[in-house]
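Take a look at the structure below.
Heavy atoms only: backbone and side chains are in, while hydrogens, waters and symmetry mates are out. Letters A, B, ... are given to chains in the order of the sequence lines, protein chains preceding strands, and every chain is numbered from 1.
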Number of protein chains: 2
Amino acid sequence: MPTLKDVAKASGVSVMTVSNVVNGRPRVSEATRRRVLAAVDELGYQVNLTARSLRAGRSGTIALSIPRADHPYFGELAAAVADVLQPRGRHLVIEQTGASREGELSALSQARLQMYDGVLLSVVGMQDAEIARLQSDLPLVLLGEKTMPAHLDQVMLGNLEGARLATAHLIERGARRIAIVGGTVDPTDSGMVGMRTAGWRAAHAAAGLVPDERLVLPPEHFEMAEARAAIRAAVAAGLELDGVFAVTDQVAIGVMAGLHESGLRIPQDVQVVGFDDLAVSEHLCPGLTTIDPRVDLVVSESLRLLERRMSGEDAEVEHLVMPVRLVVRGSTR
Amino acid sequence: MPTLKDVAKASGVSVMTVSNVVNGRPRVSEATRRRVLAAVDELGYQVNLTARSLRAGRSGTIALSIPRADHPYFGELAAAVADVLQPRGRHLVIEQTGASREGELSALSQARLQMYDGVLLSVVGMQDAEIARLQSDLPLVLLGEKTMPAHLDQVMLGNLEGARLATAHLIERGARRIAIVGGTVDPTDSGMVGMRTAGWRAAHAAAGLVPDERLVLPPEHFEMAEARAAIRAAVAAGLELDGVFAVTDQVAIGVMAGLHESGLRIPQDVQVVGFDDLAVSEHLCPGLTTIDPRVDLVVSESLRLLERRMSGEDAEVEHLVMPVRLVVRGSTR
DNA sequence: CTGAAAGCGCTAACAA
DNA sequence: TTGTTAGCGCTTTCAG
């Protein structure tokens, strides 16, 4: 690759002048400018962004780290972030950590994070200790469904409120035996599953109902096939239910398939509510009633926090929980 | 951030020794190693990967450029690439171009591509001229559904064969009025839509049938809502059909929703086949018969080609078309 | 308006 | 085993 020096030599000026031309700085005579641009063209010169970053101390790039790109929720999140950043002229790259419980940071080391001007880190499998170890001098905003170290900005979905809304809606529409698919019976779970299960319990309590603990169904990986098998097995085992709160839309899709296979009709026999409002959910048959997690707000708020850190402002740490919204479709009556 | 120099000063050795320790090179006495590591720990030293890249002339990173992360096909592709690269100890970043027809390269400049050791470029909206201008000295493999410049390696899906298989399957299962949703009547279209439409025509021709041109339905953006509206409108307008080949699974999902809304049953009244075999397609009701584009092969082949370029091998340019596979599910009889 | 020098943080090559 | 030197390609600073 040709360098500034090569262009300088070819056009008979100094590297500094070439740099000035290439960066459109003023105070360059029209004649030299043309000469330099001709050389740039001829040699096919391209700035070396690595060198520029080293010199500038900034890369001009923001990173979004997600567990997996093939999980629609994260794909949609990534696109939403890109859509906000692109018009602002900021460059985004997506890092995929692989959601390894053993440590996202091995895949995405602190050193690598340091390359970016700012990082939105969607933490799923990460240990608290690892998160706590994150340098707070790197502009960083955490996106994740559990409470994080107090010294880092965080934006969280309205997990509890969403689960409560979803379950209350099922109760209101007449369901009385409402399974939670992807829930947990572990009361110490403070993560996404724990919070959504707590919302399911809270809605029951508010209605004066006591949920049957057998209605807490296991799928732990939020996979469609797993959820489908779980609901089929439960129905086959004689578990009676007339409603399902699925902890994610992906799980809900599996649940709908499983209920269908079991000969149960939605919503006549079993009503279903999901969580995430994936793009596909609107186009299922029937359309999936779900919780809109307001990814738009998550994105705008987390970028606000990030820009604040990036500008060096020494503001208070914020831990935000976004509002959510129930979207009613055909899977509930 | 502390630098090698800071650590060197703190531990009373030279920067080179620190570098040697940090990089686990041999020929460092146990005593100094410990002293250095202590200083590294204390100062919280982290390598500056930008500086290392500049020095080494390589970034150790491969980029995958996709139009949008919220399009499930690309999300699944990205995850598949990451899953192959991760175990090999290579680092991947995902760049999102935004599929702007005006030019993917403005979002993702040549200069930026140059930062990576290798690039998988999924081209959609890119102009031929822009693609042709791409330096061939950057290890680059094109992923895209149109024929690209001869000087660049390319991996393409079996568009024609897949569309042919899908349509032939519909014909075999008794469909005679088979719409193509997302097709084109423009015979000069040599892109993905053109090839898949050609496959639809080829299957008809092979069966001695002549398709009604009114069965070519418009949706151009492969969006679910658009496809849903298009099929509804067509049915409402009295178009008779007993089969649909949707150019993508996303389109197929919209089609299924639209047919459902129009009171038509799948597969009894209308059979549907898609293309992409998205993860969700298996869990629709009914399951979607579709073409598996063998993303696994696309990934392994494109990485083979890429690694070859990255190793500096001066091999023949390859233009590969991957085989495809029909996956039969409930949406066809 | 143009140029020379210095240095961002790192490592290969050589010297001690 | 450890240290010194040079330079990756760029831009800031200061001097013509």
Whole-Å distance, N20(A) CG to dT13(D) C1', equals 12 Å
ask   = Step by step, would you call D83(B) with R68(A) a salt bridge (charged side-chain N to carboxylate O under 4.0 Å, His left out)?
value = CA-CA 10 Å; D83(B) 287 342; R68(A) 289 195 64 87; 2.9 Å; yes
Here the distance between atom C1' of dC10(D) and atom CG of D6(A), to the nearest Å, is 13 Å
Rounded to the nearest 0.5 angstrom, the OG-CG distance for S122(B) and L77(B) is 6.5 Å
_Residue-phosphate contact under 4.0 Å: T17(A) side-chain N/O, dG3(C) OP1/OP2_ = yes
In short, K146(B) meets Q154(B) closest at the heavy-atom pair O-NE2, 2.6 Å
From CZ of R35(A) across to P of dT2(C) the rounded distance in Å is 8 Å
Here the distance between atom P of dT12(D) and atom CZ of R58(A), to the nearest Å, is 10 Å
B/S/- along nucleotides 7-16 of chain C (protein heavy atoms under 4.0 Å) is BBBBBBB---
R27(A) atom CZ is separated from dT13(D) atom P, nearest whole Å, by 14 Å
- Could you check if a side-chain atom of T3(A) sits within less than 4.5 angstrom of a side-chain atom of N48(A), using non-hydrogen atoms only? no
T32(B) and V21(B), any side-chain heavy atoms less than 4.5 Å apart: no
Within the structure shown, what part of the strands sits under 4.0 Å from T32(A) by heavy-atom distance: base, sugar-phosphate, or nothing? sugar-phosphate
Taking the side chain as every heavy atom from C-beta outward, state whether M16(B) and R25(B) have any pair of such atoms under 4.5 Å apart.
yes
